[in-house]
Amino acid sequence: MSSPTTSLRGLSAPEDHLRPADAFMHEIADSIVSGRYGLDEALPPEAALALHFRVSRTIIRESMKRLEEKGLVTIQQGRGTLVRPRSEWNVLDPLVLSVIIAHDEENHTLDELTLIRASLESLMARQAAASTTPAEHAELAAALDRMRELADDYARFRDADADFHRLVMRLSGNFLSANIADTLYSRARHFARFEGAPQEDPAGYTIEQHRAVYEAIAAGDEVAAGEAMRVHILDAWRRRSGHELS
């Protein structure tokens, strides 16, 4: 049997300050997603973790309950805290999704995320085209104008781009799809691999694709709106990642 010290393989600990609960959970999630702790393997006991991370056992216990809610572990009487199958992880949880993306160097997760986004946002663009009012069309036009104004400021332009997408989501009236799509999009934007660099995603081309979405929605053309959104999302990822998605 390994000692508490050797069972803490790969876990980082602070040198001169207490580690907050969120950082502790990130370390555990990272260890599980990376495979340092495998399926059905028991994590180190509370006492060893508390000593290693310099936090109270209460913090460890409460953090483990939160990790259980995220689907990463299960707490069993007499067996300890065990790693759960990947199929049971809550991939829409911000922590879980972020750690999965961080360890996906080949971008498989970002590929899947883009396909899901394209499907959901295409649906919402169709719904927006079917139900929006002239006042809402003006709101969408203003969001597009904002993108044009910020075309030379890449960071702010990307924020304006995200605002346009979120506006389409809101105008669709589809709360569930909007929540899922925005969760995926928001987490992915934290990674440079997803955002790309200015030269890889020219603003003018992006604006034209958003204009096509806007015009289709304003015209009430559901099919064109859905297709314009789908093409934009897939093409934007192709230009940033360098490969096609079907």
Side-chain angles (χ1 to χ4, degrees), residues 1-117 119-120 169 174-191 193-194:
M1 178 181 295
S2 60
S3 69
T5 300
T6 57
S7 67
L8 291 163
R9 54 187 177 280
L11 295 178
S12 299
E15 294 183 0
D16 56 3
H17 63 278
L18 295 179
R19 194 170 187 87
D22 286 346
F24 165 73
M25 287 195 299
H26 185 278
E27 287 292 339
I28 297 297
D30 187 84
S31 294
I32 292 172
V33 172
S34 67
R36 292 199 296 273
Y37 290 95
L39 175 62
D40 289 331
E41 186 174 1
L43 297 179
E46 282 182 10
L49 290 170
L51 180 63
H52 186 70
F53 287 98
R54 303 180 192 174
V55 295
S56 70
R57 293 182 65 169
T58 298
I59 288 178
I60 299 296
R61 191 176 305 116
E62 291 176 352
S63 297
M64 286 303 186
K65 288 179 181 177
R66 291 174 63 188
L67 290 170
E68 187 173 39
E69 293 170 356
K70 299 174 189 297
L72 292 175
V73 302
T74 183
I75 302 171
Q76 296 185 6
Q77 188 68 30
R79 295 190 64 194
T81 303
L82 309 177
V83 176
R84 294 172 69 175
R86 187 183 181 93
S87 60
E88 297 180 10
W89 298 351
N90 178 6
V91 295
L92 291 181
D93 179 89
L95 170 62
V96 178
L97 182 58
S98 293
V99 175
I100 289 174
I101 293 173
H103 284 280
D104 182 21
E105 296 181 359
E106 296 183 357
N107 288 339
H108 295 312
T109 301
L110 290 177
D111 285 347
E112 293 177 9
L113 182 152
T114 299
L115 288 170
I116 294 169
R117 266 195 69 212
S119 178
L120 290 175
M169 295 179 199
N174 190 331
F175 173 78
L176 182 60
S177 293
N179 188 279
I180 294 171
D182 192 40
T183 295
L184 296 173
Y185 187 35
S186 297
R187 300 320 300 172
R189 291 189 68 213
H190 286 280
F191 292 87
R193 284 179 289 141
F194 180 78

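Quick note: numbers below take in every heavy atom, side chains included, and nothing from hydrogens, waters or symmetry partners.
Under the salt bridge (Lys or Arg N to Asp or Glu O under 4.0 Å) criterion, Arg117 pairs with Glu121, not counting sequence neighbours. Judged as a side-chain contact (heavy atoms from CB on, under 4.5 Å), and not counting sequence neighbours, the contacts of Thr183 are Asn179. By the salt bridge (Lys or Arg N to Asp or Glu O under 4.0 Å) test, Asp93 is found to be paired with Lys70, residues two or more places apart in sequence or in another chain being considered.
The shortest non-hydrogen separation linking Ile59 to Ala21 is CG2-CB, 3.9 Å. Contact detail for Pro44 and Tyr37: the closest heavy-atom pair is CG-OH, 3.5 Å. Of all the heavy atoms in Glu41 and Arg36, the pair that sits closest is OE1-O, 4.2 Å. Scanning all heavy atoms of the two residues, the minimum distance from His103 to Ser34 falls at CE1-CB, 3.5 Å.
Formation of a donor-acceptor pair under 3.5 Å by the Asn107 side chain with backbone atoms of Asp111 is not found in this model.
To the nearest 0.5 Å, atoms CD1 (Ile75) and CD (Gln77) are separated by 10.5 Å. Atom NZ of Lys65 is separated from atom CD1 of Ile60 by 13.0 Å, given to the nearest 0.5 angstrom. Atom CG of residue Leu184 and atom CG of residue Leu92 lie 6.0 Å apart, to the nearest 0.5 angstrom. Rounding to the nearest 0.5 Å gives a distance of 12.5 Å between CG of Asp22 and CD of Glu27. From Leu95, atom CG reaches atom CZ of Arg66 across 8.5 Å, with rounding to the nearest 0.5 Å. The distance from the CG atom of Leu115 to the CG atom of Leu120 is 11.0 Å, given to the nearest 0.5 Å.
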Checklist entry - So Phe24 and Met64, side chain to side chain contact (heavy atoms under 4.5 Å, CB included) or not? Walk me through it. => result CA-CA 10 Å; Phe24 165 73; Met64 286 303 186; 3.9 Å; yes
Checklist entry - Does the pair Arg57 and Arg61 meet the rule for a side chain to side chain contact (heavy atoms under 4.5 Å, CB included), with working shown? => result CA-CA 6 Å; Arg57 293 182 65 169; Arg61 191 176 305 116; 4.1 Å; yes
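At least one test fails for Arg187 against the ring of Tyr185: distance under 6.0 Å to the centre or angle within 45° of the axis.
Within 6.0 Å of CD on Glu106 lie no more than 12 heavy atoms contributed by other residues, nucleotides or ligands.
Between Asn90 and Glu69 there is no side-chain heavy-atom pair separated by less than 4.5 Å. Taking 4.5 Å as the limit, some side-chain heavy atom of Leu43 sits within range of a side-chain heavy atom of Ile28. Inter-residue side-chain proximity for Met25 and Leu72 is flagged as unmet; no heavy-atom pair is nearer than 4.5 Å.
Here the rule is side chain to side chain contact (heavy atoms under 4.5 Å, CB included) with Ile100, and of Leu110, Leu113, Thr109 only Thr109 fits it.
Under a 4.0 Å N-O distance rule, the pair Arg84/Asp40 does not qualify as a salt bridge.
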